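The structure displayed is predicted, hence computed values, not measured ones. Order of appearance sets the numbers: ligands from 1, and atoms from 1 within every ligand.
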Amino acid sequence: MFYPEPIERLIDNLTRLPGIGRKTATRLAFFLLSAREGYITDLSHSLIDIKEKIRLCSVCFNITDIDPCAICRDERRDKASICVVEESSHMMVIESSNPGQFRYHILHGIINPLEGIGPDDIRINELRERILSEGITEVIVATNPNIEGNTTAHYIAEILKPYDVRITRIASGIPVGGDIVYIDPLTIKSSLENRKKL
Ligand SMILES: [Zn+2]
């Protein structure tokens, strides 16, 4: 038994979202079906807006609606150091524990040979270019403390060796195999303060 085609199509589209099975998708579809029109219009506009208005900052590759992003435009931040993270969500976590302190570089991925992700698939070359053009003297690598995060940190240390730049790695407090997104702000803060030279 199938629902009318427009509802089936909506259910199909919703099941493509992460963590949404057919049962939840069906529940959501019927919620939307009975929702007031203003909400539906607003929801559809916000979906279109994230595609039309959100892009990557041309400097740090953070997601933004203005380029350069608000963080790159912030003159009060330390210009000499840069904090390297895997994803924009990790940057948000670090930013909430150390507001207004760092500038960032978002890699958009992590080196993972098993999944065929190499250095050229993430924004490492762009990082090297920034070191040269922006006069950066310290690179703080804040990738997760797991195999991929460590591999990426060591690769970054290796390719930046020829340059006069100190490479540090966030340290104590974050458990091996842990994920930055789930660590409390105080631990993140202390792991940044206690960063170690790579
Ligand atoms: Zn930026």
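Both Leu160 and Ile124 are assigned to one and the same hydrophobic cluster, defined by single-linkage of ILVMFWY side chains at heavy-atom distances under 4.5 Å.
Between the side chain of Arg195 and the main chain of Ile140, no donor-acceptor pair closer than 3.5 Å is present. No side-chain donor-acceptor contact under 3.5 Å links Asn98 to the backbone of Gln101.
Look at Arg77 and Asp74 and you find a salt bridge, because one of the NZ, NE, NH1 or NH2 atoms lies within 4.0 Å of a carboxylate O, short of that distance.
Neighbours of the Zn ion (ligand 1) restricted to protein N, O or S atoms under 2.8 Å: the count is 4.
Using a 4.5 Å heavy-atom cutoff, the side chains of Ile111 and Glu148 are not in contact. Considering only heavy atoms from C-beta on, Thr152 comes within 4.5 Å of Ile122 through its side chain.
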